[in-house]
Amino acid sequence: MLLLIASAGVAAADCEDRIHALEGMMQDGLGDLTAAQNLTEEALHRSNTTDLETCSFLRTGKERFDKAKAHFEQCVDSLEDMLTRCKAPDWSKVSASPELCQTRVSEIDHELTLMPHRLTRFCDQ
C-alpha cells in the first residue's frame with residue numbers, strides 16, 4: 001500500500017514537472033513569436049530602403065519564427081505525451097492546448113512562406 005502511495009506521489013510530481021516544462025515552452029514560443037513579429041514589422045516599416053539593418057531585422061525575424069515554430073511543435077508533442085502519462089493533470093495550470101499550439105504553428109508557417117520574397121526584396125542587391 002505504501003508503495004502505491006509513493007508511486008502516486010512520484011507520478012503527480014512528474015506531472016507537475018511536465019506542466020511546468022510545457023508552460024515554459026509556451027512562454028518561450030510566445031516570446032520568440034512576438035520578437036519575430038516586431039522585427040518583421042520594423043523591417044517592413046523601412047520598406048523604402050534595402051540597407052543592411054533592414055535585412056538584419058528580416059533574417060533575425062526569420063530565425064525567431066523558426067525558433068517559435070519549434071517551441072509550438074514541441075508543445076503539441078508534450079501535450080500528447082502528458083495526456084498519456086498523467087492520470088489527472090491540473091488543467092487549470094495549463095494555458096496550452098493542442099489546437100492553440102497547432103494554430104500558432106500554422107500562423108508561423110504563413111509568415112515563413114512570405115519570408116523568401118521579403119528576403120529577396122530587401123537583402124539581395
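Values below: all heavy atoms of this structure, side chains included; hydrogens, waters and symmetry mates excluded. Computed from a prediction, not measured in an experiment: that's the story for all the values here. Along the sequence shown, residues carry numbers from 1.
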If I compare all heavy atoms of Cys101 with all of Val76, which pair ends up nearest, and what's the gap?
CB-CG2, 3.5 Å
Closest heavy-atom contact between Phe65 and Ile108?
O-CG2, 3.4 Å
Flag the pair Lys69 / Leu112 as yes when at least one side-chain heavy-atom distance between them is below 4.5 Å, and no otherwise.
yes
Look only at the side chain of Thr34 and the backbone of Gly31, and say whether a donor-acceptor pair between them is shorter than 3.5 Å.
no
Are side-chain heavy atoms of Lys62 and Leu58 found at a separation under 4.5 Å?
no
For Gln102, which residues count as a side chain to side chain donor-acceptor pair (under 3.5 Å) partner, sequence neighbours excluded?
none
Thr40 vs Met115, test: side chain to side chain contact (heavy atoms under 4.5 Å, CB included). Steps then yes/no.
CA-CA 9 Å; Thr40 302; Met115 273 302 167; 3.4 Å; yes
Could you state the interatomic distance from CG (Leu100) to CZ (Phe72), rounded to the nearest 0.5 Å?
7.0 Å
Hey, which of Leu83, Asp77, Thr84 is the one that makes side chain to side chain contact (heavy atoms under 4.5 Å, CB included) with Asp81?
Thr84
Which distance, rounded to the nearest 0.5 Å, do you find between the CZ of Arg18 and the OG of Ser78?
8.5 Å
Heavy-atom closest pair, residues Gly61 and Ala36:
O-CB, 3.4 Å
How long is the span from the CE atom in Met26 to the SG atom in Cys75, to the nearest 0.5 Å?
5.0 Å
Closest non-hydrogen atom pair, Thr54 against Ala43:
CG2-O, 3.6 Å
Using modelled atom types and a 3.5 Å cut-off, is there a donor and acceptor pairing between side-chain atoms of Ser56 and backbone atoms of Leu52?
no
Are any of the side-chain nitrogens in Arg118 or Glu111 under 4.0 Å away from the carboxylate oxygens of its partner?
yes
Separation of Cys55 SG from Arg121 CZ (nearest 0.5 Å):
13.0 Å
At their closest point, which heavy atom of Pro98 faces which heavy atom of Leu79, and how far apart are they?
N-CD1, 3.3 Å
Interatomic distance, NE2@His45 vs CG@Asn38, rounded to 0.5 Å, equals 13.0 Å
Under 3.5 Å, side chain of Thr113 to main-chain N/O of His110, donor-acceptor pair present?
yes
Side-chain touch Arg104/Leu30, heavy atoms, less than 4.5 angstrom
yes
Distance col, row Leu22:CG vs Gln74:CD, nearest 0.5 angstrom, shows 9.5 Å
Show which residues join Leu39 in its hydrophobic cluster (side-chain heavy-atom contacts under 4.5 Å, direct or indirect), or state none.
Phe57
Identify the heavy atoms of Ala68 and Gly29 that sit nearest to each other, and give their distance.
CB-O, 3.6 Å
